[in-house]
There are 2 protein chains.
Amino acid sequence: MRDALRRYRRACDYLAAAMIYLKDNVLLTEPLRPEHLKPRPLGHWGTCPGLTLVYSALNRLVAETQQRTLLVTGPGHGAPAIHANLWLEGTHAEYDPRLSLDGSGLAELVRRFSWPGGFPSHLSPEVPGVIHEGGELGYALATAFGAAFDDPDLLVACVIGDGEAETGPTAAAWHSPKFTNPGDGRVLPILHLNGYKIASPTVCEAMSDDELTAYFTGCGWNPLLVDVRDTDDPDSPLAEALARAHRQDSGPPPMIVLRNTKGLGLPSTSPEGTPLEGTFHAHQVPLDADQLSAVEQWLRSYRPEELFDADGVPAPDLLAVPPEPELRLGRVPQANGGRLRRDLPLPDVAAFAGTEEESPTEALGGWLAELVRRAPDTFRVVCPDELQSNKLGALLDVTDRQFDRAVPGHTEHLARRGRVLEVLSEHLCQGWLQGYLLTGRHGLFPCYEAFVSIVDSMVNQYAKFLKMSGEVGWRAPVASLNYLLTSDGWRQEHNGYSHQGPGFINQMLTKKAHTTRIFFPPDANTLLETMHRCLSSTDLINVVVAGKQSSPVWLSPDDARAHCRAGTAVWPWASHGGSPDVVLACAGTTPTAETLAAVQLLAAAAPELRVRVVNVVDLLSLCPPGRHPNGLSDEAFAECFGEDVPVIFAFHGYPSAVHEVLHGRPATQRFHVHGYLEEGTTTTPFDLLASNRMTRHDLAADAVRRARGWSSLGGDLARDFQRQRDEFLAAAYRDGEDPAEITGWRWKR
Amino acid sequence: MRDALRRYRRACDYLAAAMIYLKDNVLLTEPLRPEHLKPRPLGHWGTCPGLTLVYSALNRLVAETQQRTLLVTGPGHGAPAIHANLWLEGTHAEYDPRLSLDGSGLAELVRRFSWPGGFPSHLSPEVPGVIHEGGELGYALATAFGAAFDDPDLLVACVIGDGEAETGPTAAAWHSPKFTNPGDGRVLPILHLNGYKIASPTVCEAMSDDELTAYFTGCGWNPLLVDVRDTDDPDSPLAEALARAHRQDSGPPPMIVLRNTKGLGLPSTSPEGTPLEGTFHAHQVPLDADQLSAVEQWLRSYRPEELFDADGVPAPDLLAVPPEPELRLGRVPQANGGRLRRDLPLPDVAAFAGTEEESPTEALGGWLAELVRRAPDTFRVVCPDELQSNKLGALLDVTDRQFDRAVPGHTEHLARRGRVLEVLSEHLCQGWLQGYLLTGRHGLFPCYEAFVSIVDSMVNQYAKFLKMSGEVGWRAPVASLNYLLTSDGWRQEHNGYSHQGPGFINQMLTKKAHTTRIFFPPDANTLLETMHRCLSSTDLINVVVAGKQSSPVWLSPDDARAHCRAGTAVWPWASHGGSPDVVLACAGTTPTAETLAAVQLLAAAAPELRVRVVNVVDLLSLCPPGRHPNGLSDEAFAECFGEDVPVIFAFHGYPSAVHEVLHGRPATQRFHVHGYLEEGTTTTPFDLLASNRMTRHDLAADAVRRARGWSSLGGDLARDFQRQRDEFLAAAYRDGEDPAEITGWRWKR
């Protein structure tokens, strides 16, 4: 077995190196000539031998124990090693017959890597067994834990490069075991400590064995140190550690620190004397294409002729190494989680609807609690310690925050098992949820609006993963990634400027149209309906922005459903007059309330002004239909906004987001958008609105100033409105609160 | 002394609680009545007593040792405690006479906290001694290290809440000592372990003393555990630990784990029996305003009448606690770093200019190397292990990567002292640099373009800090935060889709106009000139996007200077004909090259077409002047783009960014922007351009299709261009590289 494993690794290492360099003569049946090389060899060699060492050791563990295992590969740039293993175990051939286990499949595999139209140089959704791309470093470990939650029979092995180990998200993720319990699968991290990142030694390399042991022990692990740098049998000590880890069933969970030689198998130096094996020079393409004979010598050192027959078929002993087909790492069903996904048993929203005044998130909390009751093991809520602050506390009546450690002090709603995962790290929340969704489950991420930007780059990468997955035929749709952004900037009188930032909306607008939705439900009932739709959807990133303060319920459940279906609609009950002189549009809880208050100011001061109110719940419905699937038809758009009437738009976020979605619609100059102008501090809501020029008075003044046919009258009225605003403001500064007339304002139908 | 310290803390705790609740009767000289309370009590009590415990212990250390000390407060929401200390030490009165050390100043202080127009509820640039806001958690420790670099006589004490300790950026920052040396100041972290975040116990609370010791020992610290939960003399053990830490001059650096009672001083329960002191219920406003007698009882437990005389002047023993004025924490000069800032001795760029072909970043590397020679202790480069990959390696000819650990293997350019800090954590790079800049120094952050989004939220907060600083009279301007974004998405043939993402540009567009600049120098000489301007500027966030591949030098140093001054300009040497039929505009290295290639295609295929080329180096110069200070005047804009001629715009990033900056200019429908459409993989540059419709052929086709007066002829020509593109593409797929004609293309003047 030891020999077979070694030969198996030799074959994989050869294939990985061949993928980086060769487009032809892939088995070196002829002398290597320049035309056999890819025009520009591409790839990362350094981590490949180590990945194969781990992959093949896991093969052995799986074969011996029948343990269903998912591999999360942090160093996704080591894709050649994973491809080699997938090909040799036959998984590649199953997914794509052109990658058959013979010379033609081998040639196709080698050539396709890093080739236009072929496999990317990193892991990606096109690769079987993969739920993690690994291009941007830091998220492998959290993703692995996400995959393990609620899947007690699964082992998730996770390779973490020592470069990746320098990132913050990885450093935070080492504490994840405190959040898991026996109802979850097990995560086995393997820190691949090969000493170097691109150009320098790593932080972990600079740590002594004692420090590494102390660090991981402190994090709550049982670290097993395996050093294979000076052995010619690396398989045995690693296999032993894996077996020991697998056997261990109590105490701190095991993790492995694998000290390895970077780029093992390379010549020790290049022809010009640069040290290669075991140094950072092994990281990428270690030998230049013009060092042809050195490349050939290196490739031939694997003696491919001993590993593949003349037709390119791997030797029988190699084919015997991988476990039985259903247990192969590339075939694990969890890696194509859409296949495992079942629709959630979503409760009907009507029973949770509000009537007069309601906190939207509080209403949602009740509905989510019922959902948790019905879906006890396929739905999770991740949150950075803000569940109660976001008024979703009703959830905790039916479940708890999952935490596996007993703490001596006073706690509430904390238990070993629970549907809620709260940790003060948006990175961990995001990583856990990604792993959970990609393995076929469902979830929700409620977050302070301003702080969701902490995961901007993770969302960038996740959006790419979704986009690519949609282009891969065999990937089944996964549940959407749902954000509930609340504790929004307009109501941060408690915390102030640092907590005010709606930039995530703009961030999402850069994504592919078919991966993104952005919703601004204006009240509790519309939030319920919106969330029902989001939790039924697949392959999307849904951003739902909703208020948590008690606020008017504008729409009945039926009206809310119709409104969500429309995306954007006229609110006739709030409009008056016929063909409008001005349209007041709004998106978001606070802008909607201010707009309706402006309508009342206008009705009192200028009753003859014809005003139409349009509410936008689906921001992307404003896009021209050619740009976004949810975009209103030209006719529907014109029914809402007319063709040439001025539109005063009160928007929850930066005004630029509205201009962006409107781009391509006709006559957009008539849209005058009020929104967040990046002015803020700890102050009253009215003061905050005033400093961003979005009070009811600002909106009313803008409306009369711009309304068709009101140029003469409008100016005076506008000045009146502004005077009134300034009086309110002065009162706020004097009394430290908004005048009662403002905060206690009610819409009179 | 022990008594005075205790009374001093009592006074601070009283003041902090008073700030949260009171607007009047601030010394409780009368019975407490509802009208004395703020309309809505706001603030975070839980961390306040601990912050004062630390502040006063540092006072004592400073008084005894004369150690110049800067305090970085991670829990910025504990602002009441810091305000109380600043007032009692007299710093507040120095900065604002209305905060005098008497009853009137005390009343002003108490009322001003969390009051419209007053102090925000978090720390902010308005507060003396502050370089860190602490609203978004995670960045205190990295910022503290940034402040310490190159300032060997400074002690930076850094309080980290145990909530903040759950974040990734903090977890990564614990490894920072590996990057410091005796040429830097010392950072003394104090983990304020009071057990709870908003609603739950913290991860650190769940760790045993052994685990905490192991964890921090593993990170390379000498952890000193101080538990003051069960003592009535918390000052002595903390003072002892601080003294021990200060004395220690070898071995792993000391850090303190301070186990403390959350919200110490509160009643143990509320009137309705909710446990308060020592629980998460102490986090914010622990007693409701309507529990008036409980509030009064609590406040009176501090016996303010023993601490302040009838006029509100603090007792003499309290005033004797803080150290001499120049050494007070609120007065430390480093906290107003602009005062310490000296202009950099920037080398003239002409000596580093290129002529024909040049890698922009390589040219910059040479110039930066000369700068490092001239500024050996006030300029640093932070980078996530990408310096050489970004072709800035020339820097390493004159300096090294600073790393304080010996590693056994092969290293290059690694030394105990050096100007370069490389760590594979964008969070650490950003935090270090922020601390370095805010304490009066200069720096540069070169980063892979796609991965700078990792610090989106940190930049959000830093932009807010800058914006607020600009509104504070006594804050002197600090050096700008300069990003060099390279290894950009158009040239990621090596890495692929995950490495392609220009969203940071959109992110920066949400910022206040006066804090942001975004530059696209089209060649090496313009990059040199741009960077010269950025490193001379203050109080800005400069984003410079530049190529690293060898590429044509379009402008002489003089022309580059003129171009940077203009921001956007016609390139007459690339244009032909008189009044143009079409304008080809471009921003970015790759789009500029493609645009000029398109011009040549057009010149050959349609010589009579009058084409004007406009290059944009300063993106924000496209904004209307009312929206951005760099915005071109209407006349200058019309000189570049005409008034009604079609503009084909080739842009480096998402097209939406161009539409956004153009918003408010007349007739923007004539701008047809090509840019990154979120299509990518590992492929050739030409294929990537094609999938995003920005090849020279796409641009030329769009130009002839839209050019004035070319509607009949244009269609055929456009089809020809597209056919040519498809042929090139087919060749790329067949041969695995761009046809030589594309990659080897040269502009013929």
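Letters go in sequence order (proteins before strands), and every chain restarts at 1. Everything numeric in this text was worked out from a predicted model, so none of it was measured.
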For this session: Examine whether an atom of Ala657(B) lies under 4.5 Å from a heavy atom of chain A, and if so say whether it belongs to the side chain, the backbone or both; otherwise answer neither.
Result: neither

Problem set entry | Among Met458(A), Met468(A), Glu386(A), Lys511(A), residue most engaged with chain B (heavy-atom pairs, under 4.5 Å) | Met468(A)

Exercise. Do Glu136(B) and Ser457(B) pass the side chain to side chain donor-acceptor pair (under 3.5 Å) test, and can you show the C-alpha distance, the side-chain angles, and the key distance before you say yes or no?
Worked result: CA-CA 9 Å; Glu136(B) 183 170 298; Ser457(B) 63; 2.9 Å; yes

Seminar exercise, completed: Under 4.5 Å to a heavy atom of chain B? For Phe403(A) that would be side chain

For this session: Can you tell which part of Asn495(A) gets under 4.5 Å to a heavy atom of chain B, answering side chain, backbone, both or neither?
Result: both

Exercise. Got a salt bridge between Lys467(B) and Glu679(A), using NZ or NE/NH1/NH2 to carboxylate O under 4.0 Å?
Worked result: yes

For this session: Using a strict cut-off of less than 4.0 Å between a Lys/Arg side-chain nitrogen and an Asp/Glu carboxylate oxygen, indicate whether Lys178(A) and Glu211(B) qualify as a salt bridge.
Result: no

Problem set entry | Region of Leu137(A) in contact with chain B, defined by heavy-atom distances below 4.5 Å | side chain

For this session: Give, for atom CD1 of Ile505(B) and atom CD of Gln507(B), the distance between the pair rounded to the nearest 0.5 Å.
Result: 11.5 Å

Exercise. To the nearest 0.5 Å, how far apart are CD1 in Ile454(A) and NE2 in His427(A)?
Worked result: 6.5 Å

Exercise. So do Glu660(A) and Tyr654(A) actually touch side chain to side chain, heavy atoms under 4.5 Å?
Worked result: no

For this session: Could you tell me which portion of Phe280(B) (side chain, backbone, both or neither) has an atom closer than 4.5 angstrom to a non-hydrogen atom of chain A?
Result: side chain

For this session: Please determine, among His494(A), Glu133(A), Gln500(A), the option with the most heavy-atom pairs under 4.5 Å with chain B.
Result: His494(A)

Exercise. At a heavy-atom separation under 4.5 Å, does Val407(A) approach chain B through its side chain, its backbone, both, or neither?
Worked result: side chain

Seminar exercise, completed: Most heavy-atom pairs under 4.5 Å with chain A, out of Leu387(B), Leu42(B), Thr510(B), belong to Thr510(B)

Problem set entry | Modelled atom types, side-chain donor and acceptor of Tyr215(A) and Thr217(B), under 3.5 Å | no

Exercise. Tell me, side chain or backbone of Arg111(A) under 4.5 Å from chain B's heavy atoms, or both, or neither?
Worked result: side chain

Problem set entry | Option in Leu414(B), Leu509(B), Thr682(B) with maximal non-hydrogen atom pairs under 4.5 Å from chain A | Thr682(B)

Exercise. Roughly how far apart are Phe179(B) CZ and Asp404(B) CG, rounded to 0.5 Å?
Worked result: 10.5 Å

Seminar exercise, completed: Applying a strict 4.5 Å limit to non-hydrogen atoms, the region of Glu678(A) in contact with chain B is both

Exercise. Measuring heavy-atom distances to chain B, does Leu212(A) have an atom under 4.5 Å in its side chain, in its backbone, in both, or in neither?
Worked result: neither

Problem set entry | Greatest number of heavy atom pairs closer than 4.5 Å to chain A - which of Ser453(B), Ser425(B), Ser208(B) | Ser453(B)

Exercise. Any side-chain heavy-atom pair from Pro120(B) and Tyr497(A) closer than 4.5 angstrom?
Worked result: no

Problem set entry | Region of Thr681(A) that comes under 4.5 Å of a non-hydrogen atom in chain B | side chain

Exercise. Which residue out of Gly138(A), Pro408(A), Ala171(A) racks up the most heavy-atom pairs below 4.5 Å with chain B?
Worked result: Ala171(A)

For this session: Report the relative orientation of the aromatic rings in His283(A) and His77(A); use parallel for angles under 30°, tilted for 30 to 60°, perpendicular for over 60°.
Result: tilted

Problem set entry | His44(A), part contacting chain B, at a heavy-atom distance under 4.5 Å | side chain

Exercise. Just by distance, with hydrogens left out, do His281(A) and Glu412(B) show a side-chain donor and acceptor under 3.5 Å apart?
Worked result: yes

Exercise. Who among Asp456(B), Val452(B), Thr279(B) has the most heavy-atom pairs with chain A under 4.5 Å?
Worked result: Asp456(B)

Problem set entry | Heavy-atom side-chain contact between Thr261(B) and Asn194(B) under 4.5 Å | no

Exercise. Is it the side chain or the backbone of Tyr676(A) that comes within 4.5 Å of chain B heavy atoms, both, or neither?
Worked result: side chain

For this session: Report yes if the side chains of Ser121(B) and Phe113(B) come closer than 4.5 Å at any heavy-atom pair, otherwise no.
Result: yes

Problem set entry | Which atoms of Asp735(A) approach chain B - backbone, side chain, both or neither, heavy atom under 4.5 Å | backbone

For this session: Sort Asp385(A) into side chain, backbone, both or neither according to what part of it lies under 4.5 angstrom from a heavy atom of chain B.
Result: both

Exercise. Angle class for the His499(B)/Phe451(B) ring planes (parallel below 30°, perpendicular above 60°, tilted otherwise)?
Worked result: perpendicular

Seminar exercise, completed: For residues 195-204 of chain A, the side-chain hydrogen bond (donor to acceptor under 3.5 Å, both in side chains) pairs (sequence neighbours left out) are Asp162(A)-Thr202(A), Glu166(A)-Lys197(A), Ser200(A)-Arg401(B)

Exercise. Checking heavy atoms, do the side chain of Phe504(B), its backbone, both or neither come under 4.5 Å from chain A?
Worked result: neither

Seminar exercise, completed: Most heavy-atom pairs under 4.5 Å with chain A, out of His663(B), Gln388(B), Gln669(B), belong to His663(B)

Problem set entry | Non-neighbouring partners of Phe216(B) that pass ring pair (Phe, Tyr, Trp, His ring centres under 6.0 Å), sequence neighbours left out | Trp174(B)

Exercise. Based on non-hydrogen pairs under 4.5 Å, which of Gly680(A), Ser124(A), Ser656(A) is most in contact with chain B?
Worked result: Ser656(A)

For this session: Between chain A and each of Lys464(B), Arg405(B), His175(B), Glu205(B), count heavy-atom pairs under 4.5 Å; write down the option with the most.
Result: Lys464(B)

Problem set entry | Which atoms of Glu426(A) approach chain B - backbone, side chain, both or neither, heavy atom under 4.5 Å | neither

Exercise. Which one of Pro201(A), Pro169(A), Ala79(A) has the most heavy-atom pairs closer than 4.5 Å to chain B?
Worked result: Pro201(A)

Exercise. For chain B, which of Asn460(A), Val423(A), Thr684(A), Asp687(A) has the most heavy-atom pairs under 4.5 Å?
Worked result: Val423(A)

Seminar exercise, completed: Rounded to the nearest 0.5 Å, the CD1 atom of Ile198(A) sits from the CD atom of Glu422(B) at a distance of 8.5 Å

Exercise. Which bit of Glu737(A) is near chain B, if near means a heavy-atom gap under 4.5 Å: side chain, backbone, both or neither?
Worked result: both

